[in-house]
Amino acid sequence: MTPQGRRVAVVTGAAGGLGRAIAAALHDDGWSVLLTDLDARAVGAAAAPLGGWSAVLDVRDEAACADIAAIAAGRGDLALWVNNAGILSTGPSWEHDGATRRRMLDVNAHGAMNGTLAALAIMRGQGHGHVLNVVSLAGLVAAPGETVYAASKHALLAFSLGTLADLRMAGYRRVHVSCLCPDGIWTPMLHDRLDDPAAVASFTGSMLTAQRVAARAVRLARRPRPVVSLPRWRGAQVRLLDALPRLAVALTPLVRAAGRAGQRRQRRRTASPDRR
């Protein structure tokens, strides 16, 4: 395949966890993948078995995102950009200081906006491409204990869908924006949250593996859709709660109980000999 015809994908936050799994799944599907992350050594190690293509990227830096998009386009057809980089701080919103709130919004929302717009600057010119934003179920419903995180993901969902509509209004029919909204994923983001009472919302449903979510991301890359939840039933469940806010607030004690039970289940799973 010539460089001009090679499918190129960029994945942010790819040094570990879900980002690394998505990059590996895309590589197995035939993509040339540029792995990016703040940690140069970690992202280099993650990229080594996938062709060794990596770069340092702080998604909060708009110009740096544009540079990465240009580098990727120079290697082939920039057909996919996956905004995966994200951070989580738990606790009541009033316990977060301004710096913590700004950091979550800057990485989870503004960082994904920077990546989206950097990719679209090239994709609009070439007439095709796909931006895949990893949003989380927290982008579909308010998550108690993860309020600011959920706010950042709600912002990303609105930005993604609005941008997709803007693309269609401007006549771009082959440039897509998708949102992948998975349930809690057993990655380093949650590894130290098993005893965190503020993180219960992440443990109320099906604890997913990074590989399962990555496989769904690859299918979404092949067939773009505006919003995909994983598992599907959880998406329907949280959308119902979002449509009935009084009920959602009234059910908060049940959410807490379900989350604590989920944390206990996950603790037993991680402690079992066959999972070590």
Side-chain angles (χ1 to χ4, degrees), residues 1 5-39 42-55 57 59 68-69 71-73 75-88 108 111-112 115-116 119 123 128-137 139 153 156 160 176-191 202 205-232 234-235 275:
M1 184 178 290
R6 182 184 293 126
R7 294 185 307 167
V8 174
V10 174
V11 181
T12 71
L18 179 59
R20 184 171 186 168
I22 290 175
L26 289 170
H27 174 79
D28 290 344
D29 195 48
W31 293 80
S32 177
V33 187
L34 173 54
L35 288 75
T36 70
D37 200 279
L38 270 175
D39 189 329
V43 77
L50 309 179
W53 195 19
S54 67
L57 175 63
V59 296
I68 290 294
I71 291 170
R75 183 74 70 94
D77 177 12
L78 178 56
L80 180 67
W81 181 294
V82 181
N83 285 306
N84 166 76
I87 57 174
L88 168 67
N108 299 347
T116 298
M123 293 173 180
H128 66 274
H130 187 186
V131 175
L132 196 166
N133 289 326
V134 179
V135 175
S136 150
L137 287 183
K153 293 298 188 175
L156 178 54
S160 301
H176 307 281
V177 181
S178 295
C179 297
L180 180 59
C181 301
D183 208 341
I185 311 168
W186 189 239
T187 64
M189 182 179 281
L190 293 180
H191 285 175
S202 291
S206 305
M207 185 57 58
L208 305 172
T209 66
Q211 290 70 31
R212 179 179 174 186
V213 180
R216 187 65 186 91
V218 170
R219 295 199 304 275
L220 184 57
R222 294 175 186 163
R223 186 179 179 183
R225 293 175 56 189
V227 180
V228 169
S229 57
L230 185 68
R232 186 180 299 177
R234 282 283 281 168
R275 289 178 177 263

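Note that the numbering runs from 1 along the sequence shown for the chain.
- The shortest side-chain heavy-atom distance between Leu208 and Pro231 falls under the 4.5 Å cut-off.
- Atom CZ of Arg7 is separated from atom CG of Leu78 by 12.5 Å, given to the nearest 0.5 angstrom.
- With hydrogens and angles disregarded, no donor-acceptor distance shorter than 3.5 Å links the side chain of Ser160 to the backbone of Cys179.
- Annotation: side chain of Leu190 is not in contact with side chain of Ile185 (no heavy-atom distance under 4.5 Å).
- Of all heavy-atom pairs spanning Ala119 and Val131, the tightest one is CB-CG2, 4.0 Å.
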Exercise. Side chain to side chain contact (heavy atoms under 4.5 Å, CB included) between Leu180 and Val135: does it pass, once the steps are laid out?
Worked result: CA-CA 6 Å; Leu180 180 59; Val135 175; over 6 Å; no

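- Between Trp53 and Ala72, the shortest heavy-atom contact is CH2-CA, 3.9 Å.
- Two residues are said to be in side-chain contact when any heavy atoms from C-beta on lie closer than 4.5 Å; Asn108 and Leu88 fail this criterion.
- Contacts of His191 classified as ring-ring contact (aromatic ring centres under 6.0 Å, His included), with partners at least two apart in sequence or in another chain: Trp186.
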Throw together a table of side-chain donor-acceptor distances under 3.5 angstrom for residues 42-51, partners on residues two or more places apart or in other chains.
none

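- Under the 3.5 Å distance criterion, the side-chain polar atoms of Asn84 are matched with a main-chain donor or acceptor of Gly13.
- The heavy-atom pair separating His130 from Ser178 by the smallest distance is NE2-OG, 2.8 Å.
- Listed by first and then second residue, the side chain to side chain donor-acceptor pair (under 3.5 Å) pairs involving residues 221-231 are Asp29-Arg222 (not counting sequence neighbours).
- Under the side chain to side chain donor-acceptor pair (under 3.5 Å) criterion, Ser136 pairs with no residue, sequence neighbours left out.
- For Ser202, the side chain to side chain donor-acceptor pair (under 3.5 Å) test picks out Glu146, with sequence neighbours left out.
- Atom-to-atom distance recorded for Leu34:CG and Ile68:CD1 is 5.5 Å, nearest 0.5 angstrom.
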For this session: Could you check Leu132 against His176 for side chain to side chain contact (heavy atoms under 4.5 Å, CB included), going step by step and ending with a plain yes or no?
Result: CA-CA 8 Å; Leu132 196 166; His176 307 281; over 6 Å; no

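- Val218 approaches Ala25 most closely through the heavy-atom pair CG2-CB, 3.5 Å.
- For Asp183, the side chain to side chain donor-acceptor pair (under 3.5 Å) partners two or more places apart in sequence, or in a different chain, are Arg234.
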For this session: Report the C-alpha distance between Leu26 and Leu80 in whole Å, list the side-chain angles of each, state the deciding distance to 0.1 Å, and finish with yes or no for side chain to side chain contact (heavy atoms under 4.5 Å, CB included).
Result: CA-CA 10 Å; Leu26 289 170; Leu80 180 67; 3.8 Å; yes

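- Among residues two or more places apart in sequence or in another chain, the side chain to side chain donor-acceptor pair (under 3.5 Å) test is passed with Asn83 by Trp81, Thr116, Asn133.
- Note that CZ of Arg6 and CZ of Arg75 are 6.5 Å apart. Values are rounded to the nearest 0.5 Å.
- Taking every heavy atom of both residues into account, Val59 and Ala85 meet most closely at CG1-CB, 4.2 Å.
- Residue pairs meeting the side chain to side chain donor-acceptor pair (under 3.5 Å) criterion with at least one member in residues 205-216: none, sequence neighbours excluded.
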Exercise. Should Thr36 and Val11 be marked as a side chain to side chain contact (heavy atoms under 4.5 Å, CB included) after you check the CA-CA gap, both sets of side-chain angles, and the distance that decides it?
Worked result: CA-CA 6 Å; Thr36 70; Val11 181; over 6 Å; no

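- Not counting sequence neighbours, the partners of Ala79 by the side-chain contact (heavy atoms from CB on, under 4.5 Å) test are Trp31, Asp77.
- Counting heavy atoms from C-beta on, the side chains of Val134 and Val82 come closer than 4.5 Å.
- Annotation: the span from Ile71 atom CD1 to Leu57 atom CG amounts to 9.5 Å, rounded to 0.5 Å.
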